Amino acid sequence: MSRHQTRDLFPGALEIMVLRLVQREPLHGYALVQRIQQASNDLLRVEEGSLYPALQRLLKAGLLRAEWSVSSTNRQVRTYYLTRAGARHLATEVSRFEQMLKGVTQVLALRHT
Amino acid sequence: MNALRDLFRRRAESGDLKAEIRAHLDEKVASLVAAGMPRAEAERAARRAFGDVTHVEDAARDAWRMPRLDDFVADVGFALRFLRRSPAFAVVAVSSLALGIGANLSVFTVINALLLRPLPVDHPDALVVLSREATETGRMNPLTFGEYADLGLRTTSFAGLLAQSPGDGALQVGAVPVPNAGERIHYARVSSNFFDVLGVRMAAGHGFLPVNDSSADAERSIVLSYDFWQRRFGGDPSILGRSVIVFRDVPFTVVGVAARGFRGIEADESTNAWWPLGNIKIAFADRLAGWNVAVMGRLKRSVPLEQARADARRAYAAIAGDEAAGNLNWSDARRRRFLAQRLDVDAGGTGIADTLRMQFTQPLYALMASVAAVLLIACANVGALLLARTTARRRELAVRLALGSGRARIVRQLVTENAVLIAIATLGGVALVPLALRTILSYAPAAAAAALDTSPDLRTLAFVVAITVTMALIVALLPAMRSTRALEGTISAGTRGAGGSSRRSRVHQWLLGSQAALSLALLVVAGLFVGTLQNLRRLDAGFDRKAVVLVTLNSGAATTAVARRVAPALESIPGVRSATFYANLGLLGGGASTSDCAIDGAPPGPAADVSCAMMQVGPRFFETTSTSILSGRPFAAGDEPPAAQVAIINETMARQYFGDRSPIGQRIQGKLVIGVARDTKYTSLREAAPRMIYTPVGPAWAVADVRFAMHTDRTIAELTAPVKRAIADAGVTQPVTAIEALGAIAEATLARERLLAELASWFGLLALVLACIGLYGTMSFAVARRTHEIGTRLALGATRGQIVGGLMLEFGTPVALGATAGIAATLAMSRLLSRLLFGLNATNPSVMSLAVLVLCLATSAAALVPARRASRTDPVTALRSE
């Protein structure tokens with residue numbers, strides 16, 4: 001089942017990645033999917049559709065804003081920009097994620113010693 | 001706010017989302033095609049990679065969901081559909097609640113306007129009313145201007161005391177009087193500090209100069225009310241400085257217009273103009289000190305009411321003592337009665353409305369209780385219907401519970417349904433208020449109906465909220481709570497199941513019983529009030545109610561010399577058989593002029609009450625009013641004082657003073673009694689005729705109030721023009737302010753009894769109809785639910801009569817018990833009620849039995865329909881179902 005891949009991500013992971021990518025440069029949905037796959041060297045396969053509910057949640061929370069514009073391939077696309085609240089949220093979430101990862105890694109490291 | 005913004009945004013967002021997904025797919029396809037994949041395959045691949053588009057859209061939309069609001073909207077929609085699906089139920093439930101709410105709100109609005117609403121003045125809570133009451137009889141006796149002035153000098157608790165003496169007259173513009181011109185207005189003669197004490201500012205011009213009202217010559221100034229200024233002069237500021245005539249052909253200058261919204265200190269009559277009280281000296285030079293005034297005051301800051309009352313009472317005791325000592329010609333009895341009076345100081349923020357308040361306070365509270373009972377019946381009714389309906393919906397609800405709906409969610413939905421019902425009913429009730437208000441106010445005097453401020457305020461809003469919440473508690477929560485609790489295990493039992501039915505039917509029986517009790521109580525009360533009204537209408541007033549017409553000139557207008565010219569002029573009008581005039585009130589004109597009426601040579605003991613009512617009458621008075629002279633003779637030419645000193649007394653006085661002896665030839669107050677007249681009602685039909693003494697009017701007295709009476713069969717409309725012409729022809733410039741039939745005046749004194757009788761009848765009828773609907777509805781549901789049981793009993797050999805009888809007994813029992821409780825309740829209320837009744841007792845057995853009979857007939861009729869329907873159940877069909 002393709003849905004497994006999204007379920008394997010912990011809740012909120014997709015959102016953090018989206019925020020980080022959009023922070024680097026404003027992106028539209030399709031481009032976001034491509035970037036996630038590229039950036040993770042295809043380790044993460046996001047079901048493309050699952051991106052959109054995440055985007056809507058971020059829009060509602062005011063962490064992103066969206067504008068219709070024309071893409072490099074000359075298509076009407078909806079481009080997402082990080083808001084100031086989004087940047088703040090990203091910073092705290094990233095540090096919390098790193099804390100968590102550190103903790104998990106330390107616990108996992110115990111087995112080998 | 002955020003929720004509201006999101007609500008609008010999610011619509012736009014949904015369109016964007018669709019376009020965005022399309023763009024995504026397009027791009028994916030394009031890139032796959034560019035990589036060499038055939039187009040059709042590329043499209044399939046793109047969709048596969050994307051996942052289920054509809055699912056994604058739903059999931060994305062969920063981000064915007066507001067679960068509570070969405071559920072609520074769904075619940076409301078569901079509730080509306082539900083009501084639409086059972087229109088009969090919806091109409092009955094909504095209309096009965098709406099009628100209840102409308103009636104309650106209307107009665108409350110009138111109570112608010114008459115009793116609760118503060119005057120639109122500065123800090124109304126610091127205002128007080130000073131009044132004088134006879135300690136023995138409780139009768140109010142107005143203070144005089146002299147006493148008012150002394151109170152001002154001898155008290156320290158008041159920032160200011162004001163006096164006013166209201167009156168009716170005509171106002172004409174210009175300095176020269178024109179016969180029969182001018183518009184009828186209600187004015188107030190006030191102390192010059194009136195507006196300052198109240199803290200009422202002027203919308204234009206200025207108020208009165210502060211002077212000592214008793215010593216200085218009063219300024220000839222007049223202040224108009226804002227409403228009157230707008231209505232009569234179109235808000236024209238050039239009216240300031242112009243002359244108007246309101247009193248005795250003397251021009252007054254308009255100096256100001258009072259602040260918008262201020263209509264004087266009488267809650268039950270709008271004042272159109274104010275002028276300084278000192279001006280009554282124009283007509284009554286020496287009478288200012290003895291002039292009756294209403295007195296209000298403003299408490300000094302930080303002086304409590306109790307302290308002010310003690311202060312004013314101390315001052316009054318000294319003033320009254322001086323007064324009694326100074327009047328050497330008073331009899332001992334009169335002095336004693338005078339000193340037995342007490343000054344009272346009461347909160348006055350709602351202004352003065354003694355007459356109307358005294359007349360209508362109790363009736364309004366009685367009506368409030370009645371409409372509250374009607375609303376309770378309606379609530380019980382709708383509660384019972386809803387309970388029956390939720391019972392009928394048990395299966396649906398049970399299935400939903402079984403499918404995983406939370407109990408809280410189902411209760412919430414049932415509550416929403418009921419809340420929607422109540423909301424619609426409340427709107428309907430509010431919509432009924434203007435009509436109901438017009439009906440109620442039509443019983444009050446026209447001036448009062450126009451003056452009472454019935455616009456909604458915070459108190460009416462609070463009242464609506466309070467009754468809505470009460471209704472919601474009774475109507476909505478009860479069935480909702482009951483039904484889900486009993487739901488578990490219902491599906492297995494099916495509709496045939498009897499689970500929880502005993503508890504449910506106990507609730508039904510309570511509801512039916514209380515409805516019956518309340519309806520019966522209302523029917524009894526209505527019967528008592530109708531009886532009271534009939535008794536008063538049939539009453540012999542002592543004078544002719546049909547063929548007497550009274551004419552009033554601008555108040556204070558006529559001297560008796562003028563009256564002697566006007567009476568013959570009126571007599572010359574075709575169709576008028578005789579005309580006369582009289583002074584000092586009477587013939588239901590209100591007021592009471594009492595005096596010492598001691599028999600000469602037989603001084604009564606100091607405790608004896610020798611007061612009596614007086615009427616000064618012109619020629620042909622007894623003939624014109626059809627008041628019979630029982631013995632002796634009526635007045636004739638040559639009887640007038642000072643040449644002769646004669647009097648006619650009424651039956652009551654003759655009986656009380658002389659017993660079996662003939663009063664003819666006796667002397668009272670130095671006057672020779674020449675006749676005994678029949679008792680006539682003096683101030684109202686309710687009151688027994690007082691002791692009364694008639695004397696002829698002297699030749700050239702200036703009397704405060706002269707009225708003319710005509711004996712005629714003509715209608716008021718036919719008389720209006722000829723009367724005005726006759727009066728103008730007699731050289732009288734004062735306008736005619738009223739032409740009224742004596743019968744209409746007598747009927748008007750029954751306003752309160754009519755209000756009670758008619759409204760109580762309507763409410764009684766409404767209560768009965770509601771109770772019958774409730775009984776019918778409850779039985780219909782019960783019978784439908786018990787088809788199986790009834791079918792079984794029929795199959796086992798029960799006759800149709802037995803089925804009908806059984807059902808009637810089952811449902812008749814709570815009604816009978818309720819009716820008994822209702823009788824007990826009315827008996828308990830009888831003491832309260834008796835004060836509003838006339839000529840019958842609150843425990844009147846025929847009224848009681850009639851009410852019981854009506855209730856029995858109506859409820860039996862309502863119950864018989866479903867009972868007979870049940871008895872026609874086909875046992876085969878009933879048993880085959882399920």
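Letters go in sequence order (proteins before strands), and every chain restarts at 1. A quick note: this is a predicted structure, and the numbers were derived from the prediction, not measured.
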- Message: Would you say CZ of B:R459 has more than 12 non-hydrogen atoms from neighbouring residues, nucleotides or ligands within 6.0 angstrom?
- Response: yes
- Message: Please find the pair of heavy atoms, one from B:A19 and one from A:W68, that lie closest to each other, and give the distance.
- Response: CB-CH2, 3.6 Å
- Query: When heavy-atom pairs shorter than 4.5 Å are enumerated against chain A, which of B:H24, B:R22, B:E57 gives the highest number?
  - Reply: B:H24
- Query: Is it the side chain or the backbone of A:R75 that comes within 4.5 Å of chain B heavy atoms, both, or neither?
  - Reply: side chain
- Reported CG-to-CD distance for the pair B:D26 and A:Q76, which is rounded to 0.5 angstrom: 12.0 Å
- Query: Near B:R47 CZ, under 6.0 Å, is it more than 12 heavy atoms from other residues, nucleotides or ligands?
  - Reply: no
- Any B:V56 side-chain heavy atom under 4.5 Å of A:S50 side chain: no
- One option among A:G49, A:A54, A:A61 has the most heavy-atom pairs under 4.5 Å with chain B, and it is A:G49
- With a 4.5 angstrom heavy-atom cut-off, could you sort out which part of A:L58 is near chain B: side chain, backbone, both or neither? neither
- Interatomic spacing from CG in B:L17 to CG in A:L59 - rounded to 0.5 Å: 9.5 Å
- Query: Quick check: are there more than 12 heavy atoms from other residues, nucleotides or ligands sitting under 6.0 Å from CG of A:L101?
  - Reply: yes
- Message: Before you tell me yes or no, could you show the steps for B:E27 and A:H28 under side-chain contact (heavy atoms from CB on, under 4.5 Å), namely the whole-Å CA-CA distance, both residues' side-chain angles and the distance that decides it to 0.1 Å?
- Response: CA-CA 11 Å; B:E27 196 143 347; A:H28 60 272; 3.5 Å; yes
- Item | Distance, nearest 0.5 Å, that separates CD of A:E48 from CD1 of B:I21 | 11.5 Å
- Message: Working to the nearest 0.5 angstrom, can you tell me the gap between B:F50 CZ and A:Y30 OH?
- Response: 12.0 Å
- Query: Considering only heavy atoms, which portion of B:D58 lies under 4.5 Å from any heavy atom of chain A: side chain, backbone, both, or neither?
  - Reply: neither
